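In this text the structure is predicted, and so the values were computed from the model without any measurement. Scope of the values below: all heavy atoms of this structure, side chains included, with no hydrogens, waters or symmetry mates.
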Amino acid sequence: MSIVLTPFARTRLFPRQSRANTIQDCSPEAFERHLNAHPPLAVLDGYAPFCKLHVHRNWTSTRCLTVPVTADNRHLLRSAYEARSREELPVLVRWFEGVQPPVAEYLVVILYSRAQLAKEGSPIEADWGVVGCLYTLEPEEIPMAPVTMMRNALGVEEGGSGVPLDREAYRRSVEFWERNANWRP
């Protein structure tokens with residue numbers, strides 16, 4: 001099985017100007033080589049048949065993706081309308097500023113099949129393409145953000161995958177994201 005970084009993941013996980021909340025101590029090429037050379041600790045089913053999650057021990061100093069919301073840090077939450085790319089419409093997002101999460105124990109790599117990426121207009125030569133990565137303390141998935149689930153349900157034209165909204169999964173996502181938020185340096 002071969003794995004490549006998609007252009008979408010490359011810009012998000014390895015931005016031109018390195019940020020503390022992205023993958024650390026590793027180039028995009030080294031990341032891709034590691035995924036192809038080291039089998040995952042576990043392979044989890046994603047939200048659709050074309051999506052798999054490969055769980056790897058964190059071999060970098062990358063910090064956890066999310067931080068629990070508490071009474072002590074709630075005042076550090078920020079929000080704005082942002083788009084993930086020039087083609088997508090902005091959506092409301094929130095994050096912490098001024099917090100320092102622990103180093104992640106695991107990198108949970110989100111993979112899409114070659115066929116799905118071709119359907120979305122992002123063809124690849126490999127079997128699987130990296131579309132994202134979760135940095136976690138536990139070897140498990142962080143629920144997809146509610147807005148990402150909605151974008152997926154809107155279809156490929158709006159930057160999604162075309163997978164219909166699963167109401168129960170959406171409720172679980174809201175429950176998680178009410179209690180947690182991403183962070184920015």
Before giving the answer on side-chain contact (heavy atoms from CB on, under 4.5 Å), spell out for R19 and T22 the whole-Å C-alpha distance, their side-chain angles and the decisive distance to 0.1 Å. CA-CA 6 Å; R19 297 188 313 261; T22 58; 3.6 Å; yes

In Å, rounded to the nearest 0.5 Å, how long is the span from CG of N58 to SG of C26? 9.5 Å

Kindly give the heavy-atom pair with the smallest separation between G132 and L13, and that separation in Å. C-CD1, 4.2 Å

Mind checking side chain to side chain contact (heavy atoms under 4.5 Å, CB included) for N73 and listing every partner two or more places apart, or none if nothing turns up? V67, V69, T70, L76, F96

Taking atom OG of S173 and atom CZ of R167, what is their separation to the nearest 0.5 Å? 13.5 Å

Not counting sequence neighbours, which residues clear side chain to side chain contact (heavy atoms under 4.5 Å, CB included) with E141? List them please. L53, L134

If we ignore hydrogens and angles and just use 3.5 Å, is the side chain of T62 paired with the main-chain N or O of Q24 as donor and acceptor? yes

Heavy-atom side-chain proximity of T60 to F31 below 4.5 angstrom: no

Any side-chain heavy-atom pair of M1 and K52 under 4.5 Å: no

Supply the atom-to-atom distance Y170 OH to M144 CE, rounded to the nearest 0.5 angstrom. 12.5 Å

Is the shortest heavy-atom distance from the side chain of R57 to the side chain of E105 under 4.5 Å? yes

Should the ring pair W59 and H56 be called parallel, tilted or perpendicular, given that the plane angle runs from 0 to 90° and is split at 30 and 60? perpendicular

Is there a path of hydrophobic side-chain contacts, each under 4.5 Å between heavy atoms of I/L/V/M/F/W/Y residues, joining I110 to L41? yes

Are V55 and L107 connected into the same hydrophobic cluster when the rule is that any two of I, L, V, M, F, W, Y join if their side-chain heavy atoms are below 4.5 Å apart? yes

Contact between V108 and C133 at the side-chain level, heavy atoms closer than 4.5 Å - yes or no? no

Salt bridge (charged side-chain N to carboxylate O under 4.0 Å, His left out) involving E82 - partner list, sequence neighbours excluded: R184

Quick one: do E178 and V174 satisfy side-chain contact (heavy atoms from CB on, under 4.5 Å)? Show the steps, please. CA-CA 6 Å; E178 281 183 332; V174 167; 3.9 Å; yes

Would you indicate whether E125, at its atom CD, is surrounded by more than 12 heavy atoms from other residues, nucleotides or ligands within a distance under 6.0 Å? no

Verify side-chain contact (heavy atoms from CB on, under 4.5 Å) between N21 and N182, making sure each step is shown before the conclusion. CA-CA 9 Å; N21 63 344; N182 290 322; over 6 Å; no

Keeping the roles fixed (side chain from T6, backbone from A9), state whether a donor-acceptor pair exists under 3.5 Å. yes

Between P146 and W177 the two heavy atoms that sit nearest each other are CD-CD1, 3.7 Å

same_hphob_cluster(F176, Y135) at 4.5 Å side-chain heavy-atom cutoff: yes

Run S85 and E87 through side-chain hydrogen bond (donor to acceptor under 3.5 Å, both in side chains) and show every step you take. CA-CA 5 Å; S85 69; E87 295 79 32; 3.2 Å; yes

Just how far is it from atom CD of E29 to atom CD of E32, taken to the nearest 0.5 Å? 7.5 Å

Residues at least two apart in sequence or cross-chain that pass salt bridge (charged side-chain N to carboxylate O under 4.0 Å, His left out) with D25, listed by chain then number, are none

Do any pairs count as a ring pair (Phe, Tyr, Trp, His ring centres under 6.0 Å) and have a residue in residues 68-91, sequence neighbours left out, and if so which ones? none

Going by the rule side chain to side chain contact (heavy atoms under 4.5 Å, CB included), which residues pair with R84 if we only count those two or more places apart in sequence or in a different chain? F8, R12, E88, T148, R151

Go through the structure and list residues passing salt bridge (charged side-chain N to carboxylate O under 4.0 Å, His left out) with E168, not counting sequence neighbours. R171

Pairs flagged by ring pair (Phe, Tyr, Trp, His ring centres under 6.0 Å) wherever residues 102-130 is involved - sequence neighbours left out: F50-Y112

One should read off an interatomic distance between S27 OG and R33 CZ, to the nearest 0.5 angstrom, of 5.5 Å

Does V103 belong to the same Ile/Leu/Val/Met/Phe/Trp/Tyr cluster as V99, with side-chain heavy atoms less than 4.5 Å apart forming each link? no

For a quick check under 3.5 Å, do E120 and S122 share a side-chain donor-acceptor pair by atom type? no

Would you find a donor on one side and an acceptor on the other, under 3.5 Å apart, between the side chain of H34 and the backbone of A30? no

Considering residues at least two apart in sequence or located in another chain, which fulfil the side chain to side chain contact (heavy atoms under 4.5 Å, CB included) criterion with P28? L5, R10, F14

Looking at I124 and G129, what are the two nearest heavy atoms and their distance? CD1-N, 3.5 Å

Hydrophobic cluster partners of W95 (side-chain heavy atoms under 4.5 Å): V91, V93, V147

Any non-hydrogen side-chain atom of L65 less than 4.5 Å from a side-chain atom of T136? no

Do I23 and I142 sit in the same hydrophobic cluster, where Ile, Leu, Val, Met, Phe, Trp and Tyr count as joined when their side-chain heavy atoms come under 4.5 Å apart? yes

Is there a donor-acceptor contact under 3.5 Å from the side chain of N36 to the main chain of I3? yes

Can you list, pair by pair, the side-chain donor-acceptor contacts under 3.5 Å of residues 154-163, counting residues two or more places apart and other chains?
unit_1 : atom_1 : unit_2 : atom_2 : d
S161   : OG     : Y47    : OH     : 2.8

With D127, which residues qualify under salt bridge (charged side-chain N to carboxylate O under 4.0 Å, His left out), at least two apart? R114

Show, in sequence, the C-alpha distance, side-chain angles and deciding distance for L111 and C51, and conclude whether the side-chain contact (heavy atoms from CB on, under 4.5 Å) test is met. CA-CA 6 Å; L111 304 172; C51 179; over 6 Å; no

